[in-house]
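We count ligands from 1, going down the list as the structure has it; atoms in each ligand are counted the same way. Hydrogens, waters and symmetry mates are skipped; everything else that's a heavy atom, side chains included, is used.
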Amino acid sequence: MNKILVVGSMNMDYTIYCEKFPLDGETIYGKKRIVQPGGKGANQAAAAAKSRLAPITFIGARGDDHDGKTIENLLKNLGIAAFLKVCPDLETGNATIDVSDSGENKIIIIAGSNGNLLPSDISEDIIKEHEYIVLQNEIPQSTNARVMELAHKYNKKVVYNPAPYRPIDKNVFQYVDYLAVNEVELMRYSGAEGIKEGADVLLNEGVKHLIITLGSDGSMYKSKNEEFSIKAHKVKAVDTVAAGDTYI
Ligand code: RIB
């Protein structure tokens, strides 16, 4: 069976639900606050584990604190083989999330220990044991680059979800098998203003398989030779936080 390795972030999410977002300088009452594990890497690992289609391994970094221990326990309870670097001097990564009644969200992340997952923390042996390696943009890019390089060396498939957006060296695309972006990320990485044009830019820059998530419009796949779309199920959006992570 193909084993999947997710290398990425783990956060504690502090989420406040409110009717509408406050304006700049405004104070409003929220409806409720929940605290729950998140982080794009951990979310992707958790969703993959819940699908029960493959054994999942997660590599991340946590602080020596309650949040870090809570997330580690949750990952292990989901059956994920979690290899976590413990960083005694750093807090576990966290996110402050606001969700409005219309289902929109605003997220601010504090990297904390995620920023201390370094290239030297990635063992070649773990890369060798997995078929698919999943990466995002909430750990240092030098660590992503190291994982891609090792994955390439051992002929493994890389799924890269470069979210949130940050400027990256486009040379990494040659090491990526599946690049998964949303519409905003597509425009920012390609510099284009339309989906088709943006997709062509990235394919010309070396992306082999491009996946574009389009929210309620579903998603599309494009390579040099093939293109197709998949519709989304129609639902009333209540909270879309981590919807993209679950899709990955
Ligand atoms: O994609 C949603 C995630 O982004 C949240 O869980 C938050 O922690 C941030 O990483």
Side-chain angles (χ1 to χ4, degrees), residues 4 6-18 21 30 32-51 56 58-63 65-75 77-78 80 82 84-85 87 90-100 102-117 134-141 143-144 147 159-166 168 178-186 188-189 211-216 219 232 235 237-248:
I4 299 171
V6 180
V7 183
S9 59
M10 48 190 281
N11 291 335
M12 190 56 83
D13 289 353
Y14 295 82
T15 306
I16 290 182
Y17 294 85
C18 56
F21 296 134
K32 66 172 175 178
R33 187 186 83 141
I34 60 167
V35 180
Q36 63 184 1
K40 294 188 196 306
N43 289 339
Q44 292 174 11
K50 286 182 179 180
S51 78
I56 309 298
F58 178 75
I59 296 178
R62 68 164 175 85
D65 51 20
H66 181 262
D67 284 352
K69 288 172 194 156
T70 304
I71 304 170
E72 178 168 2
N73 285 338
L74 187 95
L75 292 170
N77 287 341
L78 287 169
I80 296 168
L84 304 181
K85 174 183 184 181
C87 310
L90 292 168
E91 63 178 335
T92 297
N94 52 82
T96 301
I97 304 179
D98 294 341
V99 178
S100 71
S102 60
E104 298 298 318
N105 64 67
K106 294 187 176 197
I107 304 180
I108 299 178
I109 52 177
I110 300 290
S113 48
N114 296 313
N116 197 35
L117 186 66
V134 184
L135 295 164
Q136 327 72 33
N137 268 359
E138 290 181 344
I139 58 170
Q141 192 61 19
T143 307
N144 277 347
V147 173
V159 179
Y160 183 31
N161 170 222
Y165 171 81
R166 67 183 170 200
I168 54 173
Y178 296 88
L179 187 82
V181 289
N182 65 23
E183 218 172 321
V184 174
E185 290 150 6
L186 174 73
R188 296 201 72 181
Y189 285 113
I211 296 163
I212 307 166
T213 56
L214 301 164
S216 57
S219 58
V235 294
V238 176
D239 181 353
T240 60
V241 175
D245 302 334
T246 308
Y247 179 100
I248 301 294

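Within the structure, the closest approach of Ser9 to ligand 1 does not fall below 4.0 Å when heavy atoms are considered.
The shortest N or O to N or O distance between Ala95 and ligand 1 is not below 3.5 Å.
Residue Asp245 has at least one heavy-atom neighbour below 4.0 Å for each of these atoms of ligand 1: 1 (O), 2 (C), 3 (C). Remark: ligand 1 atoms within the under-4.0 Å shell around heavy atoms of Asp13 are 5 (C), 6 (O), 7 (C), 8 (O). Less than 4.0 angstrom separates some heavy atom of Glu138 from each of these atoms of ligand 1: 4 (O), 9 (C), 10 (O). Applying the 4.0 Å criterion to heavy atoms of Asn11 picks out, from ligand 1, the atoms 7 (C), 8 (O), 9 (C), 10 (O).
Residue Ile109 comes nearest to Pro164 through the heavy atom pair CD1-CG, 4.4 Å, listed as atom of the first residue, atom of the second, then distance.
The backbone N or O of Val184 sits less than 3.5 Å from a side-chain atom of Asn182, completing a donor-acceptor pair.
With hydrogens left out, the protein atom closest to atom 4 (O) of ligand 1 is Lys40 NZ, 3.2 Å, a heavy atom.
At a heavy-atom distance under 4.0 Å, no atom of Asn94 approaches ligand 1.
Annotation: Lys50, atom NZ; neighbour count of heavy atoms from other residues, nucleotides and ligands within 6.0 Å does not exceed 12.
By the side-chain hydrogen bond (donor to acceptor under 3.5 Å, both in side chains) test, Glu104 pairs with no residue at all, sequence neighbours left out. Contacts of Ser216 classified as side-chain hydrogen bond (donor to acceptor under 3.5 Å, both in side chains), with partners at least two apart in sequence or in another chain: none.
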From CA spacing to verdict: side chain to side chain donor-acceptor pair (under 3.5 Å), Asn43, Thr246: CA-CA 7 Å; Asn43 289 339; Thr246 308; over 6 Å; no

